[in-house]
2 protein chains.
Amino acid sequence: MAPTRTAEDRVLDALDQCIVRWGLGKVTIDDVANESHVSRASIYRMFPGGKDVMFEALRVRNTREFFEGMRAALLDSDSLLDLTVQIAVYATTELRNDDNLVTLLATEEATAIRELTVDGLPRIINVASAYLLPIVTAYVSHDFGVRFVDLVARLVISHFLAPSSLVDLGDPASAREFFAPLVAFIDLPVS
Amino acid sequence: MAPTRTAEDRVLDALDQCIVRWGLGKVTIDDVANESHVSRASIYRMFPGGKDVMFEALRVRNTREFFEGMRAALLDSDSLLDLTVQIAVYATTELRNDDNLVTLLATEEATAIRELTVDGLPRIINVASAYLLPIVTAYVSHDFGVRFVDLVARLVISHFLAPSSLVDLGDPASAREFFAPLVAFIDLPVS
DNA sequence: AGACACTAAGACGGCGTCTGTCTCAGTGTC
DNA sequence: GACACTGAGACAGACGCCGTCTTAGTGTCT
């Protein structure tokens, strides 16, 4: 109830609530307006383009918050492998514990999968780069870091959607075993 | 998955699922058809009149199951007061523990309240009479029993929707204290 | 085999709801 | 008083849902 919460934040919070209650496909602008106590007109002023833009804004906010939480949770690492394992384990665990996401996968599977692959993955990778590149570049070059973050993001999401019998990225030991060969050839401890 | 489950049961189960997922007001016949794997045409054949009739069928089934559960849970009683307390406590507890109902009251309050008052109460009282009259008439006449079941049903629902500071019908002692004066003048142990 | 009952699939018109844009009146701030 | 912003609501158009209907396909009887 802090008055510092912007109107946009209140609308996006309301949208989130509506999605939880009624599912992605059933939310209307009127629902969000009622829930947020912001008029429909103001919502359209806030998100020119309407529903799609508002939904995209929520996804961007959620993605940001996801990686903010990750950055706050990362401990000091002594190698790229160590850092990668921390990232993969945190991300996998968070995804598995995200009740909204799990519900979405159960009730609106097609939409949820698109959001984690074709539709949403580019944005996820962009945000991941913004948050993780400064950390990753402690071990590798910028250009390599970009490709490495891209790779890890894809692998984590893929293993979340379709768990492998060979590896559990939610388990540190298993994740380490999995990533070791991938980073071995450039894993240089920071002297 | 028992093959004995009728198509109607499967449709009503699907409807129940859809309501849980999407809320009363957002369920479409197509949702139910997909969820139940019964075609839309068959649903209309099954419930002539469409959506309203199907919803009413589910409410009837739910009400029946509620009172079947109650009848199975009732222990032998030695007086009308004792029986009344058992009924009130069971009903109140069940209502409070009904997750679907609680969710409905949180997200679609207006509809949920109508369902427990103006719209649904006549049906509830009818079913309550059908299940409880045979038991109640151990202590009182048929005509009095009808009016008594009606009275108890109204009181339980009223106290569920608007809890009183004077009495908690979920608590046996409190319920006994509350009902004692109401049944005192006709409470005749079955000699 | 043929008659019968039943179902899934989907086309159809009608209607209600949602969308996105707009106007207008009210409020608070310089 | 000028300005920026908001809520309320009208509006046309699009869309989705409803309820009915037809058609083709399946399984069960005699």
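Just the heavy atoms: all of them, side chains too, but no hydrogens, waters or symmetry mates, feed the values below. Protein chains get the first letters and strands the later ones, always in sequence-line order, with residue 1 at the start of each. Not measured: the values here are computed from a predicted model.
Note that the first and last nucleotides of DNA chain D, 5' to 3', having any atom under 4.0 angstrom from a heavy atom of chain A are D:dT6 to D:dA10.
Within the 3.5 Å criterion, the main-chain N or O of A:D30 finds a donor-acceptor partner in the side chain of A:N34. Between the side chain of A:Q86 and the main chain of A:L75, a donor-acceptor pair closer than 3.5 Å is present. Although no hydrogens or angles enter the test, the distance criterion places no donor-acceptor pair under 3.5 Å between the side chain of B:K26 and the main chain of A:G25.
Distance CD/A:E35 to CG/A:L15: 10.0 Å, rounded to 0.5 Å.
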Bracket notation of DNA chain D in which parentheses pair within the strand, [ ] cross earlier pairs, and | pairs with another strand (Watson-Crick or G-U, under 3.5 Å) | ||||||||||||||||||||||||||||||

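Rounded to an integer number of Å, the gap from CG of A:D31 to P of C:dT17 is 13 Å.
OP1 and OP2 of C:dT21 both lie 4.0 Å or more from every side-chain N or O belonging to A:Y44.
For the residue pair B:T103 / B:N100, no side-chain donor-acceptor distance below 3.5 Å is found, with atom types taken as modelled.
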Under 3.5 Å, which protein N or O atoms sit close to an N or O of nucleotides 26-30 of chain C? Give each pair with its distance.
none

Dump the pairs, protein N or O against N or O of nucleotides 8-12 of chain C, anything under 3.5 Å, distances to one decimal.
from   : atom 1 : to    : atom 2 : distance (Å)
C:dA8  : OP1    : B:H37 : O      : 3.4
C:dA8  : OP2    : B:S39 : N      : 3.0
C:dA8  : OP2    : B:S39 : OG     : 2.8
C:dA8  : OP2    : B:S42 : OG     : 2.6
C:dA11 : N6     : B:R40 : NH2    : 3.2

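Within a 6.0 Å sphere centred on CG of B:D76, heavy atoms belonging to other residues, nucleotides or ligands number 12 at most. Crowding of A:E65 atom CD: a count of heavy atoms from other residues, nucleotides or ligands under 6.0 Å exceeding 12. Within 6.0 Å of CZ on B:R123 lie more than 12 heavy atoms contributed by other residues, nucleotides or ligands.
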Using the side-chain hydrogen bond (donor to acceptor under 3.5 Å, both in side chains) rule, take B:R96 and B:T93 through it: C-alpha gap first, then chi angles, then the decisive distance, then the call.
-> CA-CA 5 Å; B:R96 288 179 185 164; B:T93 306; 6.0 Å; no

Tell me, with the steps shown, if A:D31 and A:T28 meet side-chain hydrogen bond (donor to acceptor under 3.5 Å, both in side chains).
-> CA-CA 5 Å; A:D31 293 333; A:T28 70; 3.1 Å; yes

Can B:R61 and B:E68 be said to form a salt bridge (charged side-chain N to carboxylate O under 4.0 Å, His left out), step by step?
-> CA-CA 10 Å; B:R61 195 182 74 165; B:E68 274 169 17; over 6 Å; no

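Looking at residues 54-61 of chain B, you'll see that no heavy atom sits under 4.0 Å from any atom of DNA chain D.
The shortest side-chain heavy-atom distance between A:L24 and A:F55 falls under the 4.5 Å cut-off.
Under the 4.5 Å side-chain heavy-atom criterion for Ile, Leu, Val, Met, Phe, Trp and Tyr, B:V136 and B:V127 are members of the same hydrophobic cluster.
B:D82 has a carboxylate O that lies under 4.0 Å from a charged side-chain N of B:R176, or vice versa, which qualifies the two as a salt bridge.
Every residue two or more places apart in sequence or in another chain that forms a salt bridge (Lys or Arg N to Asp or Glu O under 4.0 Å) with B:R114 is listed here: B:D119.
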